[in-house]
Amino acid sequence: MSRRGRRRNGSDEINLTPLLDVLFTILFVVMLLNVQSEQTILADSENTKEQVAQLTDEVETLRNELKARNAVHDTEEIYAVNAVLVTMLNVTEDGNHVLKIYTGQNAVLHDTFRLGADRTQYISEHVGSIIDEIVKGAEDRPVFIVFYCTAGEIYRREEFTPIKERLESLKEEYKEVFYQIVEK
């Protein structure tokens, strides 16, 4: 009995059904994972789009703030070079209340006069004439007036009132006159 010549009685066919079941199951799982990952990618891309839009808005806001700061800085430089600065300071000298007016960034003494409740009309007119003279000499440059008012140096409020009123009227009269009162 030789085995060479013997053939099996069964079929030589291979049963592919279990192999195909496994293959289709793997394919189904891969397709499900693909669909789920696409949904995740879409959700992530929507979040990313929102974040990009938000960052774009923030960048635009920062750019606008930077432009504003640069404009203010440029304006400050222009006014520092072109503006006429006036500093008014009330002091006590030899028992008298005196107003000193300085001009320019180097604080050159422009005028000095005595204050007093009995001199309110004179104070108003004199301050007005001094500022008029400075504004006319400014040749369309802005004039910035700072009045340092130390409460301990002013004898009465009546001394301060005509100066403040005159500064307000000068601001209305001249377009390029600005003032600030600094009370200490």
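Keep in mind it's a predicted model, so treat the numbers as computed, not measured. Residue numbers start at 1 and run along the sequence shown.
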Working for side-chain contact (heavy atoms from CB on, under 4.5 Å), residues Val135 and Val177: CA-CA 8 Å; Val135 168; Val177 172; 3.5 Å; yes
Test log, rule side-chain hydrogen bond (donor to acceptor under 3.5 Å, both in side chains), inputs Glu125 and Gln121: CA-CA 6 Å; Glu125 290 173 3; Gln121 183 65 30; 2.7 Å; yes
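Atoms CG and CZ, from Leu19 and Phe24 in turn, are 10.0 Å apart once rounded to the nearest 0.5 Å. In this structure, the separation between CD1 on Ile145 and OG1 on Thr87 is 10.0 Å, given to the nearest 0.5 Å. Distance check, rounded to the nearest 0.5 Å: CG of Asp111 to OG of Ser129 gives 8.0 Å. Going from atom CE of Met31 over to atom CD1 of Ile26 covers 14.0 Å, rounded to the nearest 0.5 Å. In this structure, Glu58 CD and Gln51 CD are separated by 10.5 Å, a value rounded to the nearest 0.5 Å. Atom OG1 in Thr56 sits 9.0 Å away from atom CZ in Arg63 (nearest 0.5 Å).
Between Ile131 and Val86, some side-chain heavy-atom pair lies under the 4.5 Å cut-off. Within the 4.5 Å cutoff, the side chain of Val146 has no heavy atoms near those of the Met88 side chain. Residues Arg114 and Leu99 fail the side-chain proximity criterion, which asks for heavy atoms closer than 4.5 Å. Side-chain contact between Thr112 and Ile101: absent, with no pair of heavy atoms (C-beta onward) separated by less than 4.5 Å. Counting only heavy atoms from C-beta outward, the side chains of Glu133 and His110 approach each other to under 4.5 Å.
Contact detail for Thr25 and Asp21: the closest heavy-atom pair is OG1-O, 2.7 Å. Taking both residues in full, the closest heavy atoms of Phe147 and Leu89 are given as CD1-N, 4.5 Å, listed atom of the first, atom of the second, then distance.
Follow the hydrophobic side-chain contacts under 4.5 Å out from Leu20 and you reach Leu27 in the same cluster.
Atom CD of Gln36 sits in a sparse spot, with 12 or fewer heavy atoms from other residues, nucleotides or ligands closer than 6.0 Å.
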